[in-house]
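This report refers to the structure that appears directly beneath it.
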Number of protein chains: 2
Amino acid sequence: MNSIDTRTQILDAAQDLIQRLGVNAMSYQDISEAVGIRKASIHYHFPTKDDLVAALLDRYHDYFLRLVDGIIAQPDSAEIKLRRYCSLFEATLSSGNGDKACLYGMVGAELATLKHYLVDRVTAFYRDNEDRLVRILTQGKDSGEFGFAGDIRAMATSIFSLLEGGFLVARAHGGAAQYRAIVEQLMRLVKG
Amino acid sequence: MNSIDTRTQILDAAQDLIQRLGVNAMSYQDISEAVGIRKASIHYHFPTKDDLVAALLDRYHDYFLRLVDGIIAQPDSAEIKLRRYCSLFEATLSSGNGDKACLYGMVGAELATLKHYLVDRVTAFYRDNEDRLVRILTQGKDSGEFGFAGDIRAMATSIFSLLEGGFLVARAHGGAAQYRAIVEQLMRLVKG
DNA sequence: TCTTCTCTGCCTACTAGTAGGATGATGACA
DNA sequence: TGTCATCATCCTACTAGTAGGCAGAGAAGA
């Protein structure tokens, strides 16, 4: 109904604001102006800010990992899967004016200001992503596409760190073009 | 004298708070309690919060790049230089309770909430670090220590992104041990 | 009527920042 | 040496603005 629409609008606006400004710089007043409803009405849907952030993290987690699992399920080469995975991040970077970061990257930076149950969600997201990368890398090793040195788990962790970091750095300096250059360099290194 | 001490104490406290909580979550009240002086006294040394952040970024930039240049100036192998460079980041991670991030990583995440002249400082720090990495990588390529594929500039950007990202990710999940694992993986990839 | 949703109007806590006074060290001068 | 003015530092006390959040009224559909 209309209520669901409003709820979604609130989530969309909040996500956009967090990806640009961060959790602490995002306020109910900002959302209020973006959506066009009163501040108190947001509290009806999300009683506290933590409730809102939790809902946002859950939604993004489900959305993102569904896309990743969709990529993995395809009968493609490991290289194509890894490229598609990287392009998921790039899509976010390009979706705004190049000033949007990964939601979990932003929240991760402000980790120490978050309630424990929100921190748990962040670590779960990181872990789940690394697990998916392990699967892609394993396929690539088995098929002989990837010949990188070192063990697969360390490589998966490194790739995820590289993408999250590349995201933040590119936003400050270089933009989407620099992010793409990092991905290309990653592909070369993975092939070994 | 005592005034310099106070000023330094304020900078130290502010840096610690920003590395844990971020710029926006850090308040003059927090610094006041950490240093043991009144809030208005901080305004005497740093009239606005932007003045304080600017001084902090300048101090960290000078401090960090002095260390980096010291590493580069030594007659060591490129591998040792790169390892030492990576350990500079790790020292920060280990200095607290594993909850401190790179100052510029935190500020970079909150980039959109900053005044333009602070943004310029962040991009300058990133650029200067990438330049130093280019030098180390060039030495390694010339000496035959490093055999990675792709061009040096892209590799330098990737390494810096990896370290900044690895920093943030490790803080949430894995800690210093995971950061070290990322560095080891990086060394393997660089050698090619 | 009951439920769902959004509103007005308010609260307390906290933010950065300001005005102006107290303290205390320094240095010039007689 | 004693006195006085200056200056840096830190203080108390305050401002305006904004944060998250709450109570309760009104609207509107089932």
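Throughout, a chain's letter reflects where its sequence line sits, starting with A, and its residues are numbered from 1.
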Can you tell which of D:dA13, C:dC7, C:dA16 lies closest to the side chain of A:Ser41? C:dC7
Quickly work out the B:Arg7 CZ to D:dC10 P distance and round it to whole Å. 12 Å
Salt bridge between B:Asp120 and B:Lys115, side-chain N to carboxylate O under 4.0 Å? no
Only residue of B:Asp62, B:Asp58, B:Asp50 satisfying salt bridge (Lys or Arg N to Asp or Glu O under 4.0 Å) with B:Arg121 is B:Asp58
If I compare all heavy atoms of A:Glu130 with all of A:Thr157, which pair ends up nearest, and what's the gap? OE1-OG1, 3.5 Å
Do the side chains of B:Asp16 and B:Arg20 get close enough for a salt bridge, i.e. N-O under 4.0 angstrom? yes
Here the distance between atom P of D:dG21 and atom NE2 of A:His45, to the nearest Å, is 16 Å
CG on A:Leu162 to CD on A:Gln185, rounded to 0.5 Å: 9.5 Å
Ion pair present between B:Lys39 and B:Asp30, side-chain N to carboxylate O less than 4.0 angstrom? no
Residue-level proximity of residues 111-119 of chain A to DNA chain D when a heavy atom falls under 4.0 Å: none
What is the distance from atom CG of A:Leu52 to atom NE2 of A:His43, rounded to the nearest 0.5 Å? 10.0 Å
Give the residues of residues 18-35 of chain A touching DNA chain D, defined as any heavy atom closer than 4.0 Å, sorted by residue number. A:Met26, A:Ser27, A:Tyr28, A:Gln29
To the nearest Å, how far apart are A:Lys39 NZ and D:dT18 P? 11 Å
Rounded to the Å, how far apart are B:Ile10 CD1 and D:dC10 C1'? 10 Å
Determine, for A:Phe148 and A:Lys141, whether the Lys NZ or Arg CZ falls below 6.0 Å from the six-membered ring centre while staying within 45 degrees of the axis. yes
May I have the distance from B:Ile42 (atom CD1) to D:dT12 (atom P), rounded to whole angstrom? 13 Å
Choose from D:dA13, C:dA16, C:dT6 the nucleotide whose nearest atom is closest to any side-chain atom of B:Ala40. D:dA13
So, is A:Tyr44 close to the C:dT6 phosphate, meaning a side-chain N or O under 4.0 Å from OP1 or OP2? no
Starting at NE2 of B:His43 and ending at P of C:dG17, how long is that distance when rounded to a whole Å? 6 Å
Do B:Glu184 and B:Arg188 sit within salt-bridge range, that is, some charged N less than 4.0 Å from a carboxylate O? no
Send over the distance from B:Asp5 CG to D:dA8 P, rounded to a whole Å. 18 Å
Rounded to whole Å, the CZ-C1' distance (B:Arg38 to D:dT12) equals 9 Å
